[in-house]
Structures are given as C-alpha cells and as structure tokens.
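Quick note: residue numbers are just sequence positions, from 1.
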Amino acid sequence: MDIEKIIAEMSIEEKAQLLTGFEGKTKGFEKWGIEPVWMVDGPHGVRKGKSNTEGGCVCFPTSSAIGASWSREVAFKTGEAIGRECRQEDYEMLLAPGVNMKRTPYCGRNFEYFSEDPVLSGHLAAEVINGLESQGIGASLKHYAANNQEYERTTINAEVDERTLREYYLKAFQVALENSKPTSVMCAYNKLGGIWCSENKYLLTEILRDEWGYDGIVVSDWGAVHNACKSIRAGLDLDMPCNKNIASDVKKGLENGEITIEEIDRSVRRMLEFIDRTKKMQKGKCQYSREAQHEAAKKAAEECITLLKNDDDVLPITAKKCKKIGVFGRAAERPVIMGAGSSAILLDDEKIDKPLDFIKKNAAEAGIEVYYSPVAATTFAGGFMGAEDVGELNGWSQGNDFDAMILFVSDNYGLDVETEHWDRENLTFSNYLNGMVESACNACDNVIVVMQTGSAAIPGRWRERVKGVIQMWYAGEAGGSAVADILFGKVNPSAKLSESFANCDRTEMDVSGDGRKTWYNEGMFVGYRYYDKNKDKIWFPFGHGLSYTKFEYSDLQLSSKKSDGENIGLTVSFKVKNVGDMAGKEAVQLYVSHKNSVVLKPEKELKAFDKIELLPGEEKEVSFELNKKDFEYYNICLREWHAESGKYAILIGASSADIRLSGEYEIAYESDYSIDTLSTKYLQMQES
Ligand code: GLC
C-alpha cells in the first residue's frame, strides 16, 4: 500500500470517512484497493458469528478466570483459540483483551478483566494478544484508562493521583504493550482528571505514544467521542461505531482552525498503516472443529477453576471416601458461564457442559450414588429457611445420608448481576442460597461449595462451616466438565486467585462517586495492597489456591549484576519440589517490598510470576531476572520513574499471604535520591 500516495490523492471527505466506522468495520476504498477491517467483541470469544456455526461460537473462560490460571501458556492458547474463531467467522480484529484494574469487586465488568494486579494482568493480556496474532488476528487493548466502574461510565470523571495512575491503573497497559503489539488500543468512555479519555492528549499521545512508543491506532469505545476534532488532535484515530457527521466536523474544524490538515493526515496515516498491517497478518480460514475448540475451552477452564479450601482432604471425591453424594443448586444443571453485555456470546444451550451431567458420569465410573435437587427458589421464598425445612424439602434429613454434599451457588441468575452498564449491588449470595448451604452444614459433615461468580464474592455464615470451597468463576461453556474432573480428581487444580476475596465490604472507598466524579481516595491500596494492612478483612488472599499435591520451596539465591558501580539487575533463583503423590502445577510469585522508602508504598508488590509443572518427587529450579524498572516508583516532582537506593526484600510466595522464601537486595547509587538529593535534583530541573 503506497500510503503517502493515497494520502496525497484523498479528499478531505475521504480522509474523514477513514477515521470512523461503518457497521462494525472500517471504511473500504475500492479505488485504492483498501478493504474494510472487520472487528468483533469480545474477551472470551466471538460474540456473534457470520457463518452461523452450528450451535454458535465457542464461549471460553472469561478473563477473570484466565487471570486465576496464572499461566502465560493458558492465556496464549486461549487467544490462539479465539483467533481461530475469528478466522472461522471472517473477523480480523478482536475487541479485547480488557485490562482495567478491579478497584472494587462491585464493578459489573470485572469478569472481563484479569486481575487486581497490573503485572499479572499485563502479562496475561500480552499473551492473549500474542495468541490472537499467531492466528493473524488483531487485538484492541481496552479500556484506556481508569474505567473501573459501570455506574455512569459515560459521564464519570475519575480523579486519580499521578502515582496511583502511573504505578497502578496504567501499569497493566504498559506491561501489555511491552510484551505484545496489539493493532489497537481502545480509549475509555470516562473522563480522567476532568478530560474525556477520547480527547485526552496526556493519555493518548504523551504517555501512550511519546513515552511508551505505541505505534498502532487508538479506537474509541462505542460512542466515546464527543468532539471529532479534539479527539483527532489528542491522538485518537478511529471514531466507532460511526460518526455520520465526521466529514462536516473535520471541514468545520479546518475552517475555524480547531484542527490542521497535518493532524488529520497523521491519523489517516496511522489508519492506513493499521489496515495494511491487519490485512498482511490475515491467515484466512483455518481447519475448524467446534469440538476441538470446545476441548480447548475445557483445557483452559481446568487451569482456571480454583480450589480455595479443602479441609480434611474432603476433595477429591473418591469411592474410598464416598458411597453416596448429594448435589444441590440450580447452577449444577444451569451453570452461569459468562456475564452480560457486549462480551456475551450467542451460543446454544446444548453446547454448554452441565456440571451435574459430568458429576454423574464420573460418579458412575467410581460406583458412587448421586442424588440431585435444584433447591428451587420457591423452597426459600421470601428468605432464609430453617435446616429442617430445607432437609425435608430436599430429600436430606438430619444425619449423614450423604457422605458429601456439593452445593452450587451463583450470583447471576438471568438477572444480569455481573454485566456491562451496571455495577453489582452486593457481593453476597442470595438468602436462599446461603440458607441452602447452612442447612446442608446441619445435615452433613462434608459440605463443598462451588461458586460461580465473575468476580470476588463475600461468603455467607457458612464460611467456617464448609470443608471445601471451589471458585469456578465464569468458566465458559466447558467449565461444567472441567469442574467435575477436578471434583473427582481426574484433574489436579492449579489455579490461584487473581483478586482478593474479602469477608466484608470496604466501606471507606468512594466506590462509584456521584455519577459525575469519583475520587480514588484509596490510592493504589487496592486488593492485596490494602489487605496486607487489613488482614482481618480477608477471606482468601490474592494468589491463593490449593492443589491435591504439595509443593516445597527452597534454596533462594540472589545475584546482582552491576555495571559502572550501579546495580542494574538481579537474578533470583529458587527450587520448587512436588512432595506429594500427584502430578501438579504451581504458580510461583515474586514480590518486592521496600519498607524504608522516602515515599508511601504498598507493603509488597508482585513483580514476576511463573507456572511450573512437577511430577511427584520432581524438583525444578525457577529463575527470574529483575531489572531497575522492577524497583522503581513514579516520582511526581521529577516526573520520572526512580529506583530509590536502599534495602529491598525479595519475597517468593505460594500466595501473597504465604511467603515461603525471602532475601534482601540493596540498591546503592552515588546519585541517591534521598530527601536532600531529591530536592537538589528538583532545583536543577527548575533552573534547566
Ligand atoms: C462497548 C464496550 C466495549 C466493546 C464495544 C463494542 O460499549 O465498552 O468493551 O468492545 O462497546 O461493542
């Protein structure tokens, strides 16, 4: 494509038309051989196919579940598989992944986001993008930035301090862009610091392009542009879904000096480069099998479903432990596999694996009897019922008729509880579900709760009474068979929480503001960064997840690399051994803690992670390379990132609350930015 020639030949109208969409695609121009680029939602699959694939497109685990996999491989393979869906349906760019931080579990779209931590989110998003690209499909990293609630998302102004913005809310975008090349970044609806993200030059040009070197296009969220000329000037290129007045807007802007032709051509050039790159990436139709894609969704779900509690090794269910089990709750036969909104996949119900079907199959193989009841809402009409009512109505009496009881609970019953456009009203389960679990605890010693939620939930009074807890997330269409294989030990669970599960609300946050502005008064003390200081409020911590085997960590080694007197890096290595009798995978986590900093910092922050597979008795060495950036904070006076000299703790954790190994690393600079040096440097800046 001879881009400069095309720009020279294009009229103003044609240039303007290239900067907006037409029914979900960009504009084509036959005379220059420019084909439209087709784009489609969303993060866990193709929302609606064009080829009417029998049964609809495949629904993969949502991003919050992928986050719990802690696996770059799972993220890549999921991106790759969704890329095949796009090829099958003739789409060229997927409007995903989303990397917004989970400021609170109330955000309705948290199921579409990976984690409360920007490093975990950024790396997993990068792998989804790389997986898509391996299939020749573009991506749209979204929603840039500080789109952390659905309440009044198109009018809210997010008031975020600069350090929190840089070190937390933008960090996931920065990490993703350091590790992948998405064809687009999607700007968010909201305002940041009082300026629409769609016309925020600081975000779209100064940070995204000038600092981070991003060279793709910026696409607006659907209807997020308020003024075409201001958006183009700020660095936005594609106004979606369609601005029918863009030609007149641009012409008027040129006439009244609101925009220059150079600014228009800059976006036209980026659009032509985007189209050229996207078309060259295409790989055309692939060998497509819906069954194989469903199997890929199951493999992913197996690594996302998280075992949170397993007292007395109540799981896995085996013939040795159980002769008869009870399964309860409608979510066992009608699992909630995703949230609502633009990410929702239109697929046929019969493509969805029902947990109950696969529990029955696995139980029959083991010679275990299964009893099931949906415990319909009518049983508990109007609120909490007593155990005897529940026991009576649902076939279980006092005493242990069942060797184990598995209760499926969900927060989304066709009520769109976790959805785009709205935030959650509460984080607990309904009275009748909590009542069902409590009643089961009165009737059986071995109660296992399987939760289906897109984001963190707060437990009922059964929290301490149940022996087993599994977080299924929104595990996609194959989550039902995956959870059954985990329940019966055919699959060893290896997932860990990508967001904190608290046992009560945070009441001090200005969670969603007044609809016009919300103040992020908690700073970056979100998730484990907050619960590290408020341990009493946590149910299960960030990074927590159990296995049916056990892992031991040992032999931490730190070796720093120096050049001309400055520490420029650190190699961290340690060993992990599977000391159990079952093969398993372990997500290992590296946190850095700097207690005596001159500025306020979280107690510790995730800097690296990996997931390793070990056979029984096998031991592997894990090694991470840290560099200066891993020790930096953003200094708002120097307006740059800075690694303060001092002693840092290097913490190796099985979770954020289960540190297995620790060591100390000292950064020593001649030009130490201690208070006096900082102010000297600042004065120099003023003079320069
Ligand atoms: C929606 C969403 C965005 C989606 C787009 C297209 O409003 O915010 O995530 O990709 O519009 O449906």
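The pair Lys629-Glu632 does not meet the salt-bridge criterion, since no charged nitrogen lies less than 4.0 angstrom from a carboxylate oxygen. Arg72 has no carboxylate O lying under 4.0 Å from a charged side-chain N of Glu127, or vice versa, which leaves the two without a salt bridge. Between Glu73 and Lys611 there is no salt bridge, since no side-chain nitrogen of the basic residue lies less than 4.0 Å from a carboxylate oxygen of the acidic one. Using a cutoff of 4.0 Å between basic side-chain nitrogens and carboxylate oxygens, Glu273 and Arg277 are not scored as salt-bridged. Salt bridge absent: Glu159 and Lys517 never bring a charged side-chain N and a carboxylate O closer than 4.0 Å. A salt bridge links Arg103 and Glu522; the closest N-O separation between the charged side-chain nitrogens and carboxylate oxygens is under 4.0 Å. A salt bridge links Asp265 with Lys15; the closest basic N to acidic carboxylate O contact falls under 4.0 Å. Classification of Glu133 and Lys181 as a salt-bridged pair fails, no side-chain N sitting under 4.0 Å from a carboxylate O. Ion pairing between Arg639 and Glu162 fails under the 4.0 Å rule for side-chain N and carboxylate O.
The aromatic rings of Tyr528 and Tyr591 lie perpendicular to each other, with more than 60° between the two planes, well past the 30° mark.
Between the side chains of Thr518 and Asp510, at least one donor N or O sits under 3.5 Å from an acceptor N or O. A side-chain N or O of Ser140 and one of Ser184 form a donor-acceptor pair less than 3.5 Å apart.
Side-chain atoms of Leu170 and Trp212, non-hydrogen and from C-beta on, do get closer than 4.5 Å to each other.
Tested against Glu116, the residues Ser455, Ser121, Ser500 include a single side chain to side chain donor-acceptor pair (under 3.5 Å) partner, Ser500. Applying ring pair (Phe, Tyr, Trp, His ring centres under 6.0 Å) to Tyr144 and the options Tyr202, Tyr169, Phe173 leaves one that passes, Phe173.
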With side chain to side chain contact (heavy atoms under 4.5 Å, CB included) as the criterion, how do Lys201 and Lys230 come out once you've worked through the C-alpha distance, each side chain's angles and the decisive distance to 0.1 Å? CA-CA 9 Å; Lys201 187 162 182 272; Lys230 285 183 179 173; over 6 Å; no

Decide side chain to side chain contact (heavy atoms under 4.5 Å, CB included) for Ile264 and Val250; before the verdict, give the C-alpha distance in whole Å, the side-chain angles of both, and the deciding distance to 0.1 Å. CA-CA 8 Å; Ile264 293 166; Val250 162; 3.3 Å; yes

Would Asp532 and Lys604 satisfy salt bridge (Lys or Arg N to Asp or Glu O under 4.0 Å), going step by step from the backbone distance to the final call? CA-CA 8 Å; Asp532 272 348; Lys604 63 173 173 293; 3.0 Å; yes

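No more than 12 heavy atoms of other residues, nucleotides or ligands sit less than 6.0 Å from atom CD1 of Ile636.
Separation of the Trp473 and Phe60 ring centroids does not fall under the 6.0 Å cut-off.
Contact record, Gly216 with Asp237: O-OD2, 4.2 Å, taken as the closest heavy-atom pair. Here the closest non-hydrogen pair linking Lys171 and Trp641 is NZ-CH2, 4.1 Å.
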